[in-house]
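Here the structure is laid out as structure tokens; the discussion comes afterwards.
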Amino acid sequence: MRRAVSTGTALVSACLVVAALAVSGCGGSNARTNEVVVTGSTTILPIAEVSAEMFKEKNPDTSVLVSGVGSSAGIESVSTGSSDIGTSSRDLKPEEENLGLADTPIAYDAIAVIVNKDNPVKSLSKQQVKAIFEGKITEWSDVGGLDGSIHIVNRDEASGTREAFSKIVMDKEPFDPAAAVLPGTGQVRAVVAEAPGAIGYISFGFLNDSVKAIAVDGVMPSVETVFSGAYPIQRTLHFFTKGAPTGLTEEYIDYVLSPAIQDTVVPDAGFLPVSQGGK
Amino acid sequence: VASPNGENTKSGDLQLVSRWTYIKETLLKNTFLACAFVAVMGVALIFVFIGVRGWPVFTEVGAGNFLLGRVWSPSNEQFGILPLIWGTVLVMAGALVLGTPLAVATAIFLSEIASPRVRSIVRPAVELLAGIPSVIYGFFGLVMLRPIFADVSGGLGFGAATAWVILAIMIVPTIAALSEDALESVPNGIREASYAMGATTWQTISRVLLPAAKVGIIDAIILGMGRAIGETMAVLMVVGNAPVFPKDVFSPLSTLTTQIVMDMPYAVGIHRTALFGMAIILFLVSMFLVAAVRLISRLGGED
């Protein structure tokens, strides 16, 4: 008798487990069609997140999941199908060009070279910036500053900002390997804000009063100088999709390109809308 | 109550009431065996996986270029991990130098000096240190300690010295708990004999208890060493992640574990293989440390 009861209980619980699995399986597949997964550049995060929230308000049944893991990881994840949109603040590398990714530029960005607010240096040539980040100029006094060593704050190699900086400023010459490497724009800004001898670079969109931007080749980074093309360190921000975007993914991208985002969110984040971007 | 199969009836500690109970017992025994097997399989699978993925680095880059190369620059196809090994050793050694006296003294205090009341406060506090997620240590190091080191050194504050302080605190619970066990396993008779000879507390601790608990304390230090070598997140946040030989302890450097984390998101091809190669090195080091603990314990037991 006891045996029969326990066998019965076991059967019932087994049935329950199977039923639960079946239900959760269904839930998962339903949610999938109403979901856009956006992964990639931390630079694009502010635009992607705000437009995701606004998009969800207009389309309450949908969900747009945004995460920032770096441009390379974003491209990797859209090409393997783990996400619907891979955001990138750099262009595709040659080996990434045959992955079948479709490119939608969504904004333009400039990279600001930043120093501590107490640093008297106001302007550097692009060549001086390059020499500093190569480790060839190591003293602030060599570029018109106070006595003291230059402490470089670099980004990690997965960073799109680093990729763009390397291409535009460094001509692909290697960075000083002894430089500190930090895994985020916010960290670079926080460290430069505290350390008197530090120099770093961040997206124009992340520039704030805690640090001082340097004029490069005599041009300060600003919406005007980036727009006119006068500021020398600037780049394009991309949404990559596997093939041409379809369905909800396409709707989301169209929304990001619409005036609702381009005229408000993009400039608020410190970037330039694609419609006006001058390159 | 009669047992249907007649087994174990004499021992008296296991009364088989029915065939069903017997089946249940066998099932349970096998379940536990399976659980233990999962752990062993986990280690074996990880070892095989890392080995298969990482082994080509020794043929494609070459063992000499890999282990003794002085430049880690994946974009230029240079995969020398000597600076990373040096960074790992430097960070670990400093943490042990700072952390071991702290931890062993804590263990002595808890085991020999503290009153039960004080012990009931201090011991949970030390145990709590082990429960704090390492990212919290890293954050503490980044936000609180790094600026202090930056002021002292005039640099950015990223470097081995900052990691030493963080890691020293992190390894205290490991070393302290195991050292305390070792001290408490010294028979009370030995303590009493020492005091009976007129020895002071300090003489008893330094001349009698520490030598008697030596093997256990060395084991504790080796396991602390393993913790220090393997710690990743907290170290990552304070070392500055520059894969070079640092010019001093206040300059950015990188360790094996932190470099794996920094590079893994974007590494492809031989670069990724090299990261698995570094994982092989870490795996071998940790196997060596576990073996060392077992060997020392066995040799110590024979004394």
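Just so we're clear, the structure is a prediction, and the values are computed from it rather than from any experiment.
- Contact annotation for I150(A): neither backbone nor side-chain heavy atoms come within less than 4.5 Å of a heavy atom of chain B.
- Between chain A and the residues K247(B), M237(B), R146(B), the most heavy-atom pairs under 4.5 angstrom are made by R146(B).
- Interface summary for chain B: among G148(A), P196(A), A178(A), the most heavy-atom pairs under 4.5 angstrom belong to A178(A).
- K167(A) and D91(A) are joined by a salt bridge, as a carboxylate oxygen and a charged side-chain nitrogen come within less than 4.0 angstrom of each other.
- Classified by interplanar angle (parallel below 30°, tilted 30° to 60°, perpendicular above 60°), the ring pair F276(B)/F49(B) is perpendicular.
- For chain A, the nearby part of L142(B) is the side chain; its heavy atoms alone come within less than 4.5 Å.
- Among the candidates D156(A), L182(A), V69(A), the residue making the largest number of heavy-atom pairs closer than 4.5 Å to chain B is L182(A).
- Side chains of S89(A) and R235(A): a donor on one and an acceptor on the other come within 3.5 Å.
- Between the side chains of S134(B) and E231(B), at least one donor N or O lies within less than 3.5 Å of an accepting N or O.
- With a 4.5 Å cut-off on non-hydrogen atoms, E95(A) does not touch chain B at all.
- Between F58(B) and W55(B), the ring planes lie tilted relative to each other; the angle falls in the 30° to 60° range.
- Only the side chain of E194(A) has a heavy atom closer than 4.5 Å to any heavy atom of chain B.
- Heavy atoms from other residues, nucleotides or ligands lying under 6.0 Å from CG of N98(A) number more than 12.
- Comparing A195(A), A198(A), P177(A) by heavy-atom pairs within less than 4.5 Å of chain B, the highest count is held by P177(A).
- A salt bridge does not link K136(A) to E173(A): none of the charged nitrogens lies less than 4.0 Å from a carboxylate oxygen.
- The contact between A179(A) and chain B is made entirely by backbone atoms, counting heavy-atom distances below 4.5 Å.
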